[in-house]
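What's counted below: heavy atoms across the whole structure, side chains too, no hydrogens, waters or symmetry copies.
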Amino acid sequence: MDPRLADDLHTLPDLLDAASKLAAEALAGLDRRAAAVPPLPVAPAPLPAAGAGARGALDEFARRWEPGFAASAGPRYLGFVTGGATPASLAGDWLTAAYDQNPASGMDSSAQDLERETVGWLAELFGLGPEFSGAFVTGATMSTVTGLAIAREWLGERIGVTVSTEGAAALGPVTVLSGSPHSSVLKALSFLGMGRSALRQVPVLPGREAIDVAKLAEALETLDGPAVVVANAGTVNTVDFDDLRAIAALKQRYDFWLHVDAAFGAFAALAPAHAALTAGLDQADSVVVDLHKWLNVPYDSAVQFTRRRDLQLRVFSNNAAYLGEIGDTPDFLHLTPENSRRLRALPAWFSLVAYGRAGHREIVERCVALARDLGARIDGSPHWHLLAPVRLNVVCFTPAVERDIDALVRAIAEEGTTFLTPTAYDGRPALRAAFSNWRTTGADVDRVFAVLERLAAGSS
């Protein structure tokens, strides 16, 4: 055994204590760390020849790289839709690495059963019935890929083609209809061989990002065969929701697979005041939910749900003697693109056990209240213009006086208090502030708004 490995094994408790101390200091200092750190050029070091041992690696990381990390786990990182990591989920994530289970196969441990339990809890949390099955994947993009891969197999089933055997070309042209599709839908269509051109955007309601259901019906009426409809339970810019029940009702007249992107909007189901937004989610054929957003578990973590596990198995089954029989309860390696992966369910399991439905409901309701607070302040400021109502947890706004949005994003990041991401809404360059971190409080909104006002006043 390499002497450095032997030394590290002998001193492993001390090494873990040192790593824990560094992590604890970083988390304790989140309030002082810049929300984002604009990267500077870093000269790559040569590959170590002999190695410095784990303590040497820890020291070098702390010296060279740690200072440039963003406070993305902190309360004022409002870019993208980024949750933090609750204390329980962080503990679960550390144990995930320590136990190093591969839950893709059920031949050697109970890890798969823990994941099935967690998926069942999540389905219940989002109002999905027992007809839905699911599995953990890396994020919303891979959940979308998985759901649309099952939809692709369904399209083949409708016309007598087995796509998983014959290939996507056997389908011929495919039609995918959506009002305000997330960009990952296009990536998934490209990845799955259906092509980005398969997507046809349907008009949305005036002043909204929600699909016009009447226009969707008209589009479906023109089709000669089955289609895929991608609906939104929370758009990325304004968290607008399609009328899922009305869309599902169209299945009585038209033949389509209903895929719902509920990456973070699904969490509205936890809050009674907002749960109606997700009505009809249980009528979907496949559903996307991202957990490293509003469940506040560490990256990477998402789930995919479907009511057609038989088709999912047909797409992703991996028949090999060393993997054993598939059986009535397929191992996860037969249900998603990955054969091997970490036990992503454990951090989510920890957080759900620790805080339950009530704790996660409180996070959702607080984030919504904070987003509305910031939205009201922006709406009352002469320096900013609110572009859409704050429907849930995202504030979409733009400067009252035209400015270079990318330069403004850089200025906000360089100031350090907060981090926002750019977008375009209704043809106008804009900023997004997304509230999904369990740490965020009203005091953080005070600081964020003060910075926005200062930067806006300084440019006028």
Discussion item. Under the criterion side-chain hydrogen bond (donor to acceptor under 3.5 Å, both in side chains), I'd like the reasoning laid out for N318 against N339: C-alpha separation, chi angles, the key distance, then a yes or no.
Written reply: CA-CA 8 Å; N318 190 6; N339 270 9; 3.0 Å; yes

With a sphere of 6.0 Å drawn around [atom1] of [X], does it hold more than 12 non-hydrogen atoms of other residues, nucleotides or ligands?
X    : atom1 : value
Y99  : OH    : no
F191 : CZ    : no
R64  : CZ    : yes

Taking the side chain as C-beta and beyond, is there a heavy-atom pair between [X] and [Y] under 4.5 Å?
X    : Y    : answer
E115 : V119 : yes
P226 : W154 : yes
N393 : V239 : yes
L431 : V409 : yes
V451 : F449 : no
V174 : L155 : yes
H259 : V229 : no
L374 : L370 : no

Reported [atom1]-to-[atom2] distance for the pair [X] and [Y], which is rounded to 0.5 angstrom:
X    : Y    : atom1 : atom2 : result
R372 : C367 : CZ    : SG    : 12.5 Å
D7   : L5   : CG    : CG    : 9.0 Å
I412 : T417 : CD1   : OG1   : 10.5 Å
L171 : I159 : CG    : CD1   : 5.0 Å
S178 : Q201 : OG    : CD    : 7.0 Å
E66  : R33  : CD    : CZ    : 4.0 Å

Taking atom types as modelled and ignoring hydrogens, do the side chains of [X] and [Y] form a donor-acceptor contact shorter than 3.5 angstrom?
X    : Y    : result
S351 : H360 : yes
T306 : Q312 : no
T146 : S143 : no
T421 : R432 : yes
T441 : D444 : yes

Worksheet entry | Centroid-centroid under 6.0 Å between F264 and F80 rings |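 No.
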
Worksheet item: Is the F316 to H334 ring centre distance short of 6.0 Å?
Response: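 No, they do not, as the ring centres are separated by 6.0 Å or more.
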
Closest heavy-atom contact between [X] and [Y]?
X    : Y    : value
P38  : E414 : CG-CG, 3.8 Å
A354 : A88  : CB-CB, 3.4 Å
A149 : V315 : O-CG2, 3.8 Å
N437 : G74  : ND2-O, 3.1 Å
W438 : A85  : NE1-O, 3.2 Å
L15  : A54  : CD2-CB, 3.3 Å

Worksheet item: So which pairs with a foot in residues 17-54 pass ring pair (Phe, Tyr, Trp, His ring centres under 6.0 Å), sequence neighbours left out?
Response: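 Sorted pair list comes back empty.
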
Fill in: Pairwise ring pair (Phe, Tyr, Trp, His ring centres under 6.0 Å) hits with a residue in residues 5-60, at least two apart
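Pairs touching residues 5-60 that pass the test: none.
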
With a 3.5 Å distance limit and no angle check, can you tell me whether [X] reaches the backbone of [Y] through a side-chain donor-acceptor pair?
X    : Y    : answer
R76  : F419 : no
D331 : L333 : no
S180 : E209 : yes
S301 : V297 : no
S184 : T141 : no
D290 : G139 : no
D285 : W257 : no
D242 : L244 : no
N237 : A424 : yes
R410 : I405 : no

Item to complete: Apply side-chain contact (heavy atoms from CB on, under 4.5 Å) to V394 and F435, showing your working.
Response: CA-CA 6 Å; V394 174; F435 289 79; over 6 Å; no

Do NZ/NE/NH1/NH2 and the carboxylate oxygens of [X] and [Y] come within less than 4.0 Å?
X    : Y    : value
R366 : E362 : yes
R447 : D31  : yes
R116 : D113 : yes
D282 : R245 : no
K21  : D17  : no

Worksheet entry | F332: ring pair (Phe, Tyr, Trp, His ring centres under 6.0 Å) partners, not counting sequence neighbours |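 Scan of F332 (ring pair (Phe, Tyr, Trp, His ring centres under 6.0 Å), adjacent residues dropped) gives none.
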
Residue pairs, two or more places apart or on separate chains, that pass salt bridge (charged side-chain N to carboxylate O under 4.0 Å, His left out) and touch [range]:
range            : value
residues 344-361 : D300-R344, E338-R344, R361-E365
residues 176-192 : none
residues 92-101  : D93-R342

Discussion item. I want to check a possible cation-pi pair here: K293 against F267, using under 6.0 Å from ring centre and within 45° of the ring axis as the test.
Written reply: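 Ring-cation test returns no.
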
Discussion item. Could you go through L22 and L58, starting from their C-alpha distance and side-chain angles, then the distance that decides it, and tell me whether this counts as side-chain contact (heavy atoms from CB on, under 4.5 Å)?
Written reply: CA-CA 9 Å; L22 179 63; L58 190 64; 3.8 Å; yes

Worksheet item: Do you know which of E153, E131, E157 makes side-chain hydrogen bond (donor to acceptor under 3.5 Å, both in side chains) with R308?
Response: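 Checked E153, E131, E157 against R308; only one passes side-chain hydrogen bond (donor to acceptor under 3.5 Å, both in side chains): E157.
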
Worksheet item: Would V390 and L392 count as a side-chain contact (heavy atoms from CB on, under 4.5 Å) if you check the C-alpha gap in whole Å, the side-chain angles of each, and the deciding distance to 0.1 Å?
Response: CA-CA 6 Å; V390 180; L392 206 63; over 6 Å; no

